[in-house]
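This one's a predicted model, so the numbers in the text were calculated from it and none came from an experiment. The basis for the numbers below is simple: all heavy atoms, side chains too, and nothing from hydrogens, waters or symmetry mates. Every chain is numbered from 1 and lettered A, B, ... according to where its sequence line falls, protein lines coming before strand lines.
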2 protein chains.
Amino acid sequence: MPGYDSSQFPAVAVTVDLVVLTVRDDALQALVIRRAEEPYRGRWALPGGFVLPDEGLDAAAARELHEETGLSGSDVHVEQLASYGAPGRDPRMRVVTVAYLALAPDLPTPSAGSDAADAQWLPVADLQAARRSLAFDHADLLRDGVERARAKLEYTPLAAAFCPPEFTIAELRHVYEVVWGDPIDARNFHRKVSTTAGFVTETGETSARDGGRPARLYRRGPVQLLNPPLMRPR
Amino acid sequence: MPGYDSSQFPAVAVTVDLVVLTVRDDALQALVIRRAEEPYRGRWALPGGFVLPDEGLDAAAARELHEETGLSGSDVHVEQLASYGAPGRDPRMRVVTVAYLALAPDLPTPSAGSDAADAQWLPVADLQAARRSLAFDHADLLRDGVERARAKLEYTPLAAAFCPPEFTIAELRHVYEVVWGDPIDARNFHRKVSTTAGFVTETGETSARDGGRPARLYRRGPVQLLNPPLMRPR
DNA sequence: GCAAAAGTGTTCTTCGTACACCCATGG
DNA sequence: CCATGGGTGTACGAAGAACACTTTTGC
């Protein structure tokens with residue numbers, strides 16, 4: 001990079017795209033927007049848009065998330081995922097996109113109150129089964145985002161990002177079961193979560209009932225890394 | 001992104017930068033180039049450069065690596081690290097860089113035979129200790145790259161990327177000790193590596209001596225993921 | 001009381017850690 | 001034979017897996 005001519009550089013547009021995941025109706029779901037214009041008219045696309053001239057990448061991701069979903073950064077975990085810049089990925093021009101992964105709780109207002117009224121949640125399994133349902137290379141972004149989310153549940157307490165601020169251990173377990181697609185022993189999971197220092201903190205309240213003994217309510221704990229991690233069934 | 005005007009977009013340059021790491025002289029070292037021009041004249045910079053108009057990101061990283069070090073992709077493990085695009089990170093213009101992490105063996109021809117004759121290996125510890133020795137935000141890239149490398153040694157067989165094609169288990173252990181900065185029990189490490197299926201494959205040869213009983217030589221095994229992982233001392 | 005879900009205790013086994021011990025070579 | 005590093009065996013303890021069992025609620 002030393003001594004390059006700052007008036008002469010390849011014309012590239014930079015965007016951010018968001019893989020926004022949630023757990024709804026016993027399924028891992030992603031936020032998608034139906035494209036109204038060519039190319040890929042009628043296909044689903046991930047929310048995203050240009051990075052503004054004086055805006056950092058994280059800020060652009062947070063802004064797009066807010067514009068397209070009404071979600072603010074404090075509700076949702078957002079982290080950078082990866083960048084995608086294959087020359088032909090957008091037929092109109094050279095676009096390099098920085099993808100972000102966002103994990104959101106299943107909010108009462110799913111995706112309303114925003115510009116994109118046509119944004120909606122769809123099960124990841126459906127999007128991945130229907131070949132070519134996603135525009136551009138967004139199937140790649142989705143695959144990588146889901147893979148990252150699955151991996152991160154193992155060694156971080158991020159499953160709580162899919163839960164409301166207060167949650168029961170059973171709700172947390174349900175997140176793991178949906179994201180990993182495997183049943184988990186409730187008893188061992190309970191012990192693991194409640195004995196790992198800093199994973200969750202007890203509120204003292206108990207939950208609304210759904211059948212049996214009331215469950216204690218917890219909030220996210222202070223730790224960022226689970227050590228030792230939770231083991232995913234192989 | 002639906003329906004944007006492809007002739008009107010913010011002027012952003014896209015580059016790739018490389019965090020190239022190796023293990024040399026009992027230290028984790030990074031490849032750096034002394035800057036001859038302003039800004040940051042005289043400081044160290046990571047190798048990198050513009051992404052060409054019809055070039056993918058991975059291809060740009062591989063090209064820059066080859067141009068600046070003579071290393072080809074088959075010798076070295078290269079993976080995307082993260083992207084950095086803070087508005088002021090390059091004072092001349094808006095530059096978004098896609099950082100790559102490369103892990104190279106300690107080659108006999110360190111960084112010669114290339115454009116950048118001023119490229120050289122420096123210990124990561126020295127670069128991180130000397131505040132402001134690195135140009136731009138390259139200290140961030142280096143920190144993130146080192147962190148990624150340390151983490152990846154735990155759950156992938158990538159330590160072998162720091163070794164020549166054939167290596168002894170002691171050489172592999174030395175990589176772990178240098179990258180993690182902690183001594184490892186040679187006996188348990190030997191058992192772990194040799195009993196984890198697919199981590200390494202025996203060649204049948206034995207190594208040149210350095211004191212004791214000759215060591216068997218191994219090559220990289222076929223597995224991509226270590227399961228269970230190696231535990232890093234905490 | 002019964003069903004259902006929360007939460008605890010116990011056993012078995014696996015695996016990391018520590019370290020004693022043997023092997024193969026050079027000097 | 002001794003020093004040096006390579007490689008194996010074994011005992012201990014921590015932690016996951018499986019599951020019996022108790023607790024607390026609604027009906």
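Between K192(B) and T168(A), the residue whose closest nucleotide on DNA chain C is further toward the 5' end is T168(A). Place P214(B) and P228(B) on DNA chain C by their nearest nucleotides, and P228(B) ends up nearer the 5' end. Toward the 5' end of DNA chain D, the nearer of the two residues G211(A) and P229(A), judged by each one's closest nucleotide, is P229(A).
Distance, R187(A) CZ to dC19(D) P: 8 Å, rounded to whole Å. The nearest whole Å value for the distance from the CZ atom in R173(B) to the P atom in dG6(D) is 6 Å. Look at CD on E205(A): it is 17 Å from C1' on dT24(D), rounded to the nearest Å. Here the C1' atom of nucleotide dG7(D) and the CG atom of L172(B) are 15 Å apart, to the nearest Å. For the pair R232(A) CZ and dA17(D) P, the computed distance is 14 Å after rounding to whole Å. Between H174(B) atom NE2 and dG5(D) atom P there is a gap of 12 Å when expressed in whole angstrom units. We find that CD of E154(A) is positioned 14 Å from C1' of dG16(D), with the value rounded to whole Å. Between the CG atom of N188(B) and the C1' atom of dG9(D) there is a distance of 11 Å, given to the nearest Å.
Looking at L172(B) and V193(B), their side chains come closer than 4.5 Å, going by heavy atoms from C-beta outward.
Residue contacts for R216(A): at a heavy-atom cut-off of 4.0 Å it reaches the sugar-phosphate backbone alone, with no base atom in range. Counting any heavy atom pair closer than 4.0 Å across all strands shown, A186(A) reaches no nucleic acid atom.
Judged by distance alone with a 3.5 Å cut-off, a donor-acceptor contact links the side chain of R191(B) to the base of dG9(D).
Between F136(A) and H138(A), the ring planes are tilted. Angles from 30° to 60° get that label.
D185(B) and H190(B) share no side-chain donor-acceptor pair at under 3.5 Å. Under 3.5 Å, the side chains of T22(A) and D106(A) contain no donor-acceptor pair of N or O atoms.
The main-chain N or O of L127(B) is found under 3.5 Å from a side-chain atom of S133(B) such that the two form a donor-acceptor pair.
Remark: R35(A) is not positioned above the aromatic ring of W44(A), lacking an NZ or CZ atom under 6.0 angstrom from the ring centre and at most 45 degrees off the axis.
In terms of phosphate contacts, H190(B) brings no side-chain nitrogen or oxygen within less than 4.0 Å of OP1 or OP2 of dG6(D).
First and last contacts of DNA chain C with chain A, using any nucleotide atom under 4.0 Å from a protein heavy atom and ordered 5' to 3', fall at dA4(C) to dT10(C).
In this structure, the ring of Y176(A) has its center less than 6.0 angstrom from the ring center of F189(A).
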